[in-house]
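This one's a predicted model, so the numbers in the text were calculated from it and none came from an experiment. Residue numbering restarts at 1 for every chain, and letters A, B, ... go by the order of the sequence lines. Heavy atoms only: backbone and side chains are in, while hydrogens, waters and symmetry mates are out.
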Amino acid sequence: MCFERHFLYFCTSFTEQRSNKLIIGYPLSLELNYRMEIASKYNPAEVENKWYQYWMEQKLFHSEPDEREPYTIVIPPPNVTGVLHMGHMLNNTIQDVLVRRARMQGKNACWVPGTDHASIATEAKVVNKLASQGIKKSDLTREEFLKHAWDWTHEHGGIILQQLKKLGAACDWDRTAFTMDEVRSESVLKVFCDLYEKGLIYRGVRMVNWDPKALTALSDEEVIHKEVHGKLYYLRYKIEGDPAGAYAVVATTRPETIMGDTAMCINPNDPKNAHLKGKKVIVPLVNRVIPVIEDEYVDIEFGTGCLKVTPAHDVNDYMLGEKYNLPSIDIFNPDGTLNEHGAMYAGMDRFAVRTQIEKDLEAAGLMDKTEPYTNKVGFSERTNEAIEPKLSMQWFLKMEELATPAAESVENDTIRFYPEKYKNTYRHWMENIKDWCISRQLWWGHQIPAYFLPQGGYVVAMSKEEAFEKAKKQVDYPLTIDDLKQDEDVLDTWFSSWLWPISVFDGINRPDNNDIRYYYPTSDLVTGPDIIFFWVARMIMSGYEYRKEPCFQNVYFTGIVRDNLGRKMSKQLGNSPDPIDLMDQYGADGVRMGMLLSSAAGNDLLFDETLCEQGRNFNNKIWNAFRLIKGWETDEHIPQPESAKIAVAWFQSKLSETITELNDLFSKYRLSEALMTVYKLFWDEFSSWYLEIIKPAYQQPIDSKTYQVTLGFFDALLRLLHPFMPFITEELWQAMEERETGDSIMTTQQPQAEEADTVLLTDMERVKQVIAGVRTIRLEKNIPQKESLELQIVGGDADKYDSVISKMCNLSSFTLVSEKQAGSAGFMVGTTEYTVPLTGMMDVEAELQKLQAELTYTEGFLQSVLKKLSNERFVQNAKPEIVETERRKQADAESKIALLKENIAALSGK
RNA sequence: GGGCGUUUAGCUCAGCUGGUUCAGAGCGCCUGCCCUACAAGCAGGAUGUCGGCGGUUCGAAUCCGUCAACGCCCACCA
């Protein structure tokens, strides 16, 4: 036996299932009953590969416009060189569920996959890789570098898309797009030119967030503010011409920037610094004389009330500089070292200078004091380098105009956010929107289509040729095409992603093509709230700008995947499991279920591997239910037993009721609850109740009527489950009966709800309680299931479900009695008393205790009901039906109490 | 500094516009079971001052106020 089990474990799946009987490759020669041939454990590995292959071959994921209603999702494109992590796993599982379900609702579902070139992230990876080979980026030409970058992209690109296949993603792979492929690149340039023509894109010198490591400007969104424990330095600025050598003290966190000081600022209303008005002070160490200016911006309470003004290196100082026409001295090189303005510190790194200058000021007697201080410092999202505010020439996109329709559409629910709370976040950002710095000093990306003219000025055009034509008209001096020099910078990655829902259907270049007209606006977007500004908001803007329509109808924000201790998953912590390993261990369906079970929309989810285990166990449950059903022999000649008839009618109603519930949950994007609902339907209602009721005796055939209906139920359950667990459901659906090539559960329809018999449903809940009551007695009295029992209803009506109860409880008889007989154990369901006569195995004491406990509880309950009813104001004010139910509760409780008292009296022999 | 959100069983969460025994689910836990679909299982069971305080109401997990803890987002206090 042991050997067989072990052997069979490896022959788990059906290599061929083209007949009603199960045929596995072997070992038929063992002449086992075929029921034994299906392993008792589901093995997902080969099943999953096989069916994904099949779906691809049959082009079941592919969509073309037709007369059906479209359902469209565009994938949030992962970084082209990225690998799958738990966040992707969650995000894409959700999308897959939505897409598969939509298709099974008769919609023409299209899920467009693709990848993002991830300008700065990819460039950083390539730079690192080159560095490891001893190659510096600065030693390469742009062309050489891009060659390396493309090589890297081709080498690593698409790995993540392969990984998505493993989880079952039903993407239309024929439509795979890349933000830097031809169509998308052309779209980006076109949009840039168009916005430039419209006057929305401009170029100018502004204070930007400079990443000294990546050597590029960043948008505000790419800066992450973190608390940093540092010092507040109090520096002495001598007052010019003061004979006594008096000085003003300035508090700063960045003493290394004093070489860039061009003023000191005080608040005009500050009495303690009033003596500085109109004076000049001397910058420490460099001995430059700067004026004292006055502005109410300065906080009198902070530090000494004196502010050093460094217009080149601080956003606020920059604004002061503008206001008072101060000169601006840039003391930094792009890489964060000091330049020639840094005097004796030229060439040193900014942080090294900070340490050094502290000592030097100290030595020169110009340091008043230092104190510990915590402030917020911006860091680059990608390189984690401290941002340096820097004046530089950049390209910007004006946002205000674009934001108006975008803000409105979310406000009025044209575009719905799930969960809704993100509307607030969105509104706040939209109302305070700033222009978007779209240029990056990088090579990997879309090069800005601006061409500089030899004598100043530039033209913006799709190509150099076009630019040349434009330029010729603009200048009055002779010009050759080689005189034009294209801007070296590239565009922010998000400048291509923001067009994604349009550009994947080529709707920028060919605005009237069939695809864009059919698939746009897209239906749902599934993404993380962390990119609501980077991406979601901007897509909405470009959608209105270029299609005059919302780009999607619903946005589902997933939570962040955390570990079971609530920590964010990260490489550094090493607390992030590899989704591929998990899928190998639990099967893709199992992991999908694990992810979904824990993820209420918008809530962060604490991922726990045991949830995958639960998923795997559920797969196994489904698998075994199938083994049971498929193992039955049918016989057309036996009539359908009464119990089966009831079970069928009941489950039919249960199914309908659940389907209605599911539709509601899906409409609210409550996928986690939807899955739990199907889970319970399958496990509890179908497996534990329905199948147990209709199950024929061992090695007995089942009547064919019940059998057929049961297959129908199973089929419906598979279809309900398919969006969540695509692989096992396809495997079993294919195994249920002979299918044609090209058939798939994917292309079947979701089962529809019929009218549910609510009376039957509540009746069955009562029946379940009766059965549980008998089971409890068996357990308490240690009576094996094999031994049949008698069940009596005391003084009640006959139960029309007795066939079900008899079968489930193995009853020899089920009778009505007028009085409870001595020596029997009992229980109550509602107000009806049931008893099981037990000869000689009665524990009177225990029984009495049980009755007494129930009596105490019921009396307490009655008290609370009476209290309500005796309250006149309750009777007056409460809705009549509420009062009515309270009266009913009272009556029920009273009769129950009477009964319990009787029983106690009888038992105690009194 | 502003804004938003969370707090319900050991864990993760559901409880819509106050009122059917409303205090729930899954997991975990406890007890008994290898009873030929499934031990990755079956049957049975226990578990909570619904964060604290105050208010509105005949009635509050649910509405209002307040406090506390935690989390997220935004913000130029050097």
### Separation of the C1' atoms in B/C42 and B/U36, to the nearest angstrom
13 Å

### Task
Can you tell me the distance, in whole Å, between the CD1 atom of A/Ile532 and the C1' atom of B/C73?
10 Å

### Query
Taking the six-membered ring for Trp, are A/Tyr418 and A/Tyr669 ring centroids under 6.0 Å apart?
yes

### Query
B/A40 and B/A25: how far apart are their P atoms, nearest whole angstrom?
25 Å

### Task
Assign A/Ser688 to base, sugar-phosphate, or nothing according to its heavy-atom contacts below 4.0 angstrom with the strands shown.
sugar-phosphate

### Message
Rounded to whole Å, please give me the gap between CD in A/Glu609 and P in B/C11.
### Response
21 Å

### Message
Can you check the distance between B/C38 and B/G15, where both ends of the measurement are the C1' atom (answer in whole Å)?
### Response
33 Å

### Task
Using a heavy-atom cut-off of under 4.0 Å over every strand shown, decide if A/Gln614 touches base, sugar-phosphate, or nothing.
sugar-phosphate

### Query
Would A/Gln890 and A/Glu894 count as having a side-chain donor-acceptor pair, cut-off 3.5 Å?
yes

Pairs under 3.5 Å (N/O, protein and nucleotides 55-58 of chain B):
residue: B/C58; atom: O2'; partner: A/Asn871; partner atom: ND2; Å: 2.6

### Task
Verify the ring-centre separation between A/Tyr679 and A/Phe618: is it less than 6.0 angstrom?
yes

### Task
Mind checking A/Phe533 for me? I need base, sugar-phosphate or nothing, with any heavy atom below 4.0 Å counting as a touch.
sugar-phosphate

### Message
Checking A/Tyr234 against A/Glu371: is there a side-chain donor and acceptor pair closer than 3.5 Å?
### Response
yes

### Message
For a quick check of understanding: with a heavy-atom distance under 4.0 Å over all strands, which category does A/Ala893 fall into, base, sugar-phosphate or nothing?
### Response
nothing

#### Entry: Separation of B/G15 P from A/Glu661 CD (nearest whole Å)
13 Å

### Query
Considering the options A/Ile224, A/Leu218, A/Val377, which one meets the side-chain contact (heavy atoms from CB on, under 4.5 Å) requirement together with A/Ile387?
A/Leu218

Using atom types as modelled, flag every donor-acceptor pair under 3.5 Å from a side chain in residues 871-883 of chain A to any protein atom, sequence neighbours excluded.
residue: A/Asn871; atom: OD1; partner: A/Arg873; partner atom: N; Å: 2.9
residue: A/Asn871; atom: OD1; partner: A/Phe874; partner atom: N; Å: 3.4
residue: A/Asn877; atom: ND2; partner: A/Arg873; partner atom: O; Å: 3.1

List, with names and distances, any nitrogen or oxygen atoms from the protein found under 3.5 Å away from nitrogen or oxygen atoms belonging to nucleotides 22-25 of chain B.
residue: B/A25; atom: O2'; partner: A/Lys680; partner atom: NZ; Å: 2.9

### Query
Could you give the NZ-to-P distance, from A/Lys695 to B/C42, as a whole number of Å?
11 Å

### Query
Contact class for A/Leu606 (heavy atom, under 4.0 Å): base, sugar-phosphate, or nothing?
sugar-phosphate

### Task
Measure distances between side-chain N and O atoms of A/Lys621 and base N and O atoms of B/C38, and say whether any donor-acceptor pair falls under 3.5 Å.
yes

### Query
Using a cut-off of 4.0 Å on non-hydrogen atoms, how would the nucleic acid contact of A/Glu692 be classed: base, sugar-phosphate, or nothing?
base

#### Entry: For A/Trp429, all residues meeting ring pair (Phe, Tyr, Trp, His ring centres under 6.0 Å), sequence neighbours excluded
A/Phe533

### Query
Roughly how far apart, to the nearest Å, are B/A23 and B/G59 at atom C1'?
16 Å

### Query
Using a cut-off of 4.0 Å on non-hydrogen atoms, how would the nucleic acid contact of A/Thr885 be classed: base, sugar-phosphate, or nothing?
nothing

### Query
Judged by modelled atom types alone, do A/Lys308 and A/Thr257 share a side-chain donor-acceptor pair under 3.5 Å?
yes

### Message
Applying a 4.0 Å non-hydrogen cut-off, can you work out what A/Thr610 is touching in the nucleic acid: base, sugar-phosphate, or nothing?
### Response
nothing

Please produce a list of atom pairs where a protein N or O lies less than 3.5 Å from an N or O of nucleotides 75-77 of chain B.
residue: B/A75; atom: N6; partner: A/Lys376; partner atom: NZ; Å: 3.2
residue: B/C76; atom: O2'; partner: A/Asn316; partner atom: ND2; Å: 2.8
residue: B/C76; atom: N1; partner: A/Asn316; partner atom: OD1; Å: 3.0
residue: B/C76; atom: O2; partner: A/Asn316; partner atom: OD1; Å: 2.6
residue: B/C77; atom: O2; partner: A/Asp299; partner atom: OD2; Å: 3.0
residue: B/C77; atom: N3; partner: A/Asp299; partner atom: OD2; Å: 2.7

### Query
Charged N to carboxylate O under 4.0 angstrom, A/Glu685 versus A/Lys768?
yes

### Message
In this structure, which stretches of RNA chain B are paired as stems of three or more consecutive Watson-Crick or G-U pairs, both distances less than 3.5 Å?
### Response
B:1-7 with B:68-74, B:10-13 with B:24-27, B:29-33 with B:41-45, B:51-55 with B:63-67

### Query
Is it true that A/Glu673 and A/Lys668 have a side-chain N and a carboxylate O under 4.0 angstrom from each other?
no

### Side-chain donor-acceptor pair present, A/Thr762, A/Glu765, cut-off under 3.5 Å
no

#### Entry: Distance (rounded to the nearest 0.5 Å) between A/Asn267 CG and A/Phe302 CZ
14.5 Å

### Message
Looking at A/Arg778 and A/Glu787, is there a salt bridge between them, counting it only when a charged N and a carboxylate O are closer than 4.0 Å?
### Response
no

### Query
If you take atom types as modelled and just measure distance, does the side chain of A/Arg616 reach the base of B/A40 with a donor-acceptor pair under 3.5 Å?
yes

### Task
Please report the C-alpha distance between A/Asn619 and A/Arg616 in whole Å, then the side-chain angles of each, then the deciding distance to 0.1 Å, and finally whether the side chain to side chain donor-acceptor pair (under 3.5 Å) criterion is met.
CA-CA 5 Å; A/Asn619 277 305; A/Arg616 178 201 60 184; over 6 Å; no

